Amino acid sequence: MKFLTTLLCVVCCAVAMAQDGVVPLGKCEVVCDVNDLLPTDVEVVGSTQGLAISGDYAFSMHDKGQCVIIDLKRMQYVNSFVLESNTGHCNNASFGVERYSRDSQFPLFYVTECRGERACYVNDITLEGSRLVQKIFYSGDEIVGPCDWAVDASRKLLYLYCTIGEIRMLMWFELPRLSDSDERGEVHLKLEDSLGSIPAGDIKIPQGSLVTDDYIFLPEGVPARGTALNVIHRNSARLLQRIDLTATGIEPEGVACYKGWLYMSLHTPREPRHSIIYRYRINR
């Protein structure tokens, strides 16, 4: 409790610089240290990474594929398992629109591989487990290094957060359907499939990404080199707000929206059970 109280003070005092007087994110609250919700016999392996929310359930991903599910309404641990066939970094996660079948509990679950394949693993997920139903790849030599995938469900778009040359970019595509898969269950996107692109700004070390309404939320950095949360305008690419998180001493990772708040997961180095979740009120 003392740690969370200290963290709350740091986060709420973080410097928020806004452009043109626009401040998309307001009040901040620490939600929990996930360790406080976990049964003692639950082992968490791998650093905290992507975060996605569907209904009242938060799906917190960890390096090499472990998924920890939290009921946000009751603030209770639900379950933990490793995603089928996913041993990637799981740097980002989001829910789409399509469901694998009428019986599916949730829309399709998109998880960034982030190990060099430039792949997005598409999963039919439940509260008990998952199965891999599609892989999406980007084919093109213009991208340098790994990249992230994020679904804008309201517009049925799939965003690719990548580096071209030395510039962080966001490219977007029509969200592939399961029926678009080839005989191997794969979709291969190319530059000519892109519907548009914008620069993401001066991001030193990309973390998670979220596109919703007119905002793009981009956490960045590691504690040793500084951390921040950036908010840019989806159409103009203008930086609307930058919140310095360096003083927290932990690493911002996944972001997701829930009931008018932006939730963010942060990982505590060498302590994967201690995933910290806090939230910012989204100003309308």
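Quick caveat: nothing in here was measured; it's all calculated off a predicted structure. Numbers here simply count residues along the sequence, with the first being 1.
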| Stepwise side-chain contact (heavy atoms from CB on, under 4.5 Å) check, V187 with D182 | CA-CA 7 Å; V187 172; D182 61 20; over 6 Å; no
| said: Between D33 (side chain only) and I276 (backbone N and O only), is there a donor and an acceptor less than 3.5 Å apart? | reply: no
| Residues, nucleotides or ligands: over 12 heavy atoms within 6.0 Å of E166 CD | no
| I203 backbone acceptor or donor facing R168 side chain under 3.5 Å | yes
| request: Find out whether V34 and C32 are in side-chain contact, i.e. whether some heavy atom of one side chain is under 4.5 Å from a heavy atom of the other. | output: yes
| So, for E117 and F137, which heavy atoms are closest and what is the spacing to 0.1 Å? | O-CD2, 3.6 Å
| request: Answer yes or no: is there an ion pair linking R273 with E271, defined by an N-O contact shorter than 4.0 Å? | output: no
| Is there a chain of hydrophobic side chains (I, L, V, M, F, W, Y, each step under 4.5 Å between heavy atoms) that links L170 to L195? | yes
| Minimum heavy-atom separation for G55 to I53, with atom names? | O-CG2, 3.8 Å
| F109 and Y121 aromatic centres sub-6.0 Å | no
| query | Between R99 (side chain) and Q105 (backbone), is there a donor-acceptor pair under 3.5 Å? | reply | yes
| Would a hydrophobic clustering, with Ile, Leu, Val, Met, Phe, Trp and Tyr connected at side-chain separations under 4.5 Å, put I277 with V42? | yes
| request: For residues M264 and P219, determine if any side-chain heavy atom of one lies less than 4.5 Å from a side-chain heavy atom of the other. | output: yes
| task | Rounded to the nearest 0.5 Å, what's the gap from CD1 on I136 to SG on C120? Could you check? | result | 5.0 Å
| request: Decide side-chain contact (heavy atoms from CB on, under 4.5 Å) for K64 and V45; before the verdict, give the C-alpha distance in whole Å, the side-chain angles of both, and the deciding distance to 0.1 Å. | output: CA-CA 8 Å; K64 299 208 169 68; V45 179; over 6 Å; no
| note | Interatomic distance, CG@L266 vs OG1@T248, rounded to 0.5 Å, equals 6.0 Å
| request: Using a strict 4.0 Å threshold on nitrogen-to-oxygen distance, state whether K204 and E220 make a salt bridge. | output: no
| task | Take H188 and Y138 through the test side-chain contact (heavy atoms from CB on, under 4.5 Å) and record every step on the way to the result. | result | CA-CA 6 Å; H188 291 261; Y138 182 78; over 6 Å; no
| query | Going by atom types alone, do Q134 and E186 pair a side-chain donor with an acceptor below 3.5 Å? | reply | no
| task | For P252 and G221, work out which heavy atoms get closest and say how close. | result | CD-O, 4.3 Å
| Got a donor-acceptor contact below 3.5 angstrom from the S265 side chain to the E253 backbone? | no
| request: State, yes or no, whether a side-chain contact exists between E142 and L191 at a heavy-atom distance under 4.5 Å. | output: yes
| query | Are the charged groups of K259 and D56 less than 4.0 angstrom apart, N to O? | reply | yes
| query | Should L25 and F217 count as side-chain neighbours, where that means a heavy-atom distance under 4.5 Å? | reply | yes
| Main-chain N/O of E43 paired with Q66 side-chain donor or acceptor, under 3.5 Å | yes
| field | Distance-minimising heavy-atom pair for C147 and C162 | value | CB-CB, 3.8 Å
| said: I'd like to know if the side chain of E98 and the backbone of L108 have a donor-acceptor N/O pair within less than 3.5 Å. | reply: no
| said: Counting C-beta onward and ignoring hydrogens, is there a side-chain heavy-atom pair between L210 and L262 closer than 4.5 Å? | reply: yes
| said: Hydrogens and angles aside, do N92 and S209 bring a side-chain donor and acceptor to less than 3.5 Å of each other? | reply: yes
| said: For residues I243 and Y215: do they belong to one hydrophobic cluster (side chain heavy atoms under 4.5 Å, members Ile, Leu, Val, Met, Phe, Trp, Tyr)? | reply: yes
| query | Is I216 close to I198 at the side-chain level, that is, under 4.5 Å between some pair of heavy atoms? | reply | yes
| query | Once you round to the nearest 0.5 Å, how far does OH of Y263 lie from CD1 of I282? | reply | 10.5 Å
| said: Checking the side chain of Y280 only, and the main-chain atoms of N283 only, is there a donor and an acceptor separated by less than 3.5 Å? | reply: no
| Within the distance-only criterion (no hydrogens, no angle test), does the side chain of S181 pair as donor or acceptor with the backbone N or O of L178 below 3.5 angstrom? | yes
| Under a single-linkage definition using a 4.5 Å side-chain heavy-atom cutoff for Ile, Leu, Val, Met, Phe, Trp and Tyr, are M169 and Y161 assigned to the same hydrophobic cluster? | no
| message | Looking at every non-hydrogen atom in both residues, tell me the closest pair between V231 and P24 and how far apart they are. | response | CG1-CG, 3.8 Å
| request: Report the distance from atom OG of S194 to atom OH of Y159, rounding to the nearest 0.5 Å. | output: 10.0 Å
| task | Write down the atom of L127, the atom of F59, and the distance for their closest heavy-atom approach. | result | CD2-CZ, 4.3 Å
| S275 side-chain N/O to H267 backbone N/O, donor-acceptor pair under 3.5 Å | no
| query | Are R177 and D180 close enough for a salt bridge, meaning some N to O gap below 4.0 Å? | reply | no
| message | Between D71 and K73, is the salt bridge (charged side-chain N to carboxylate O under 4.0 Å, His left out) condition met? List the steps. | response | CA-CA 6 Å; D71 184 329; K73 184 176 181 180; over 6 Å; no
| Does any non-hydrogen side-chain atom of R155 lie less than 4.5 Å from one of L175? | no
| message | With rounding to the nearest 0.5 angstrom, report the CG to CG distance, L218 to L229. | response | 8.0 Å
| said: Between the side chains of D244 and R242, is the shortest nitrogen-to-carboxylate-oxygen separation below 4.0 Å, so that they form an ion pair? | reply: no
| Measuring from S104:OG to I125:CD1, what's the distance to the nearest 0.5 Å? | 11.0 Å
| request: Compute the centroid of each ring, for W149 and then for Y110, and state whether the two points are separated by less than 6.0 Å. | output: no
| query | Does I167 CD1 have over 12 foreign heavy atoms under 6.0 Å away? | reply | no
| query | Are the side chains of V111 and N86 in touch, meaning some heavy atoms are under 4.5 Å apart? | reply | yes
| Is there a donor-acceptor contact under 3.5 Å linking the side chains of Q49 and H89? | yes
| field | Shared hydrophobic cluster for Y77 and L51 (ILVMFWY, side-chain gaps under 4.5 Å) | value | yes
| Could you walk me through whether D148 and L160 pass the side-chain contact (heavy atoms from CB on, under 4.5 Å) check? | CA-CA 6 Å; D148 265 358; L160 177 64; over 6 Å; no
| field | Under 3.5 Å: donor-acceptor pair, side chain of T246, backbone of T227 | value | yes
